[in-house]
Amino acid sequence: MALLAILCYPDPRLHTVAKPVQAVDARIRKLVADMLETMYDANGIGLAATQVDVHERLIVIDVSEERNQPMVLANPEILWASDDKQVNDEGCLSVPGIYDGVERSSRIRVRALDGEGNSREIEAEGLLAVCIQHEMDHLVGKVFVEYLSPLKRNRIKTKMLKARRDGERV
Ligand code: NI
């Protein structure tokens, strides 16, 4: 396994639209293992392939307290989303240190392939529902800060670019 480099906002590659996974084969299983290692290492609860510069529809998630319930979603599709919405503070490994409220459906039903390539339907609510919707946005090139006001988004962009410059100077 290997740790993968996570793209940081406002990297334009984060706005790439991912293509479907053709088959859950050895290459994808290796990518899943690396993405899980990268997500756990960064203390994240979800990671989309887009964030590691692989533009295929693949997500890994673990919202468990014990960090021992990895989920793999390849080619996820939302089958149903509740009209009932909720605002939750979200963060993102591609936007480190930034947390802000985003409104999303409280409950969703999703179909995806799991890590073995089997089709599964998942009913999600709470943190899992938020996380799946957040990660699925990455697959269409959307970062959560795009839900915030232009003013906030520009502040975040400036902060990220400054952090990157300062980091490079060290
Ligand atoms: Ni994210």
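First listed ligand is number 1; within each ligand, the first listed atom is number 1. Being a predicted model, the structure only gives us computed values, none of them experimental.
- Between Glu123 and Arg109 there is a salt bridge, with a side-chain nitrogen of the basic residue lying less than 4.0 Å from a carboxylate oxygen of the acidic one.
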Q: Could you walk me through whether Glu77 and Arg111 pass the salt bridge (charged side-chain N to carboxylate O under 4.0 Å, His left out) test, one step at a time?
A: CA-CA 5 Å; Glu77 291 170 70; Arg111 184 192 294 138; 3.7 Å; yes

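- In this structure a side-chain-to-backbone donor-acceptor pair under 3.5 Å is missing from Glu37 to Ala33.
- Between Glu90 and Tyr99 the shortest side-chain heavy-atom distance does not fall below 4.5 Å.
- Closer than 2.8 Å to the Ni ion (ligand 1) sit the protein N, O or S atoms Cys92 SG, His134 NE2, His138 NE2.
- Judged by distance alone, with hydrogens and angles left aside, the side-chain atoms of His138 form no donor-acceptor pair with the main-chain N or O of Ala48 at under 3.5 Å.
- Here the rule is side chain to side chain contact (heavy atoms under 4.5 Å, CB included) with Ile132, and of Asp137, Val110, Ile59 only Val110 fits it.
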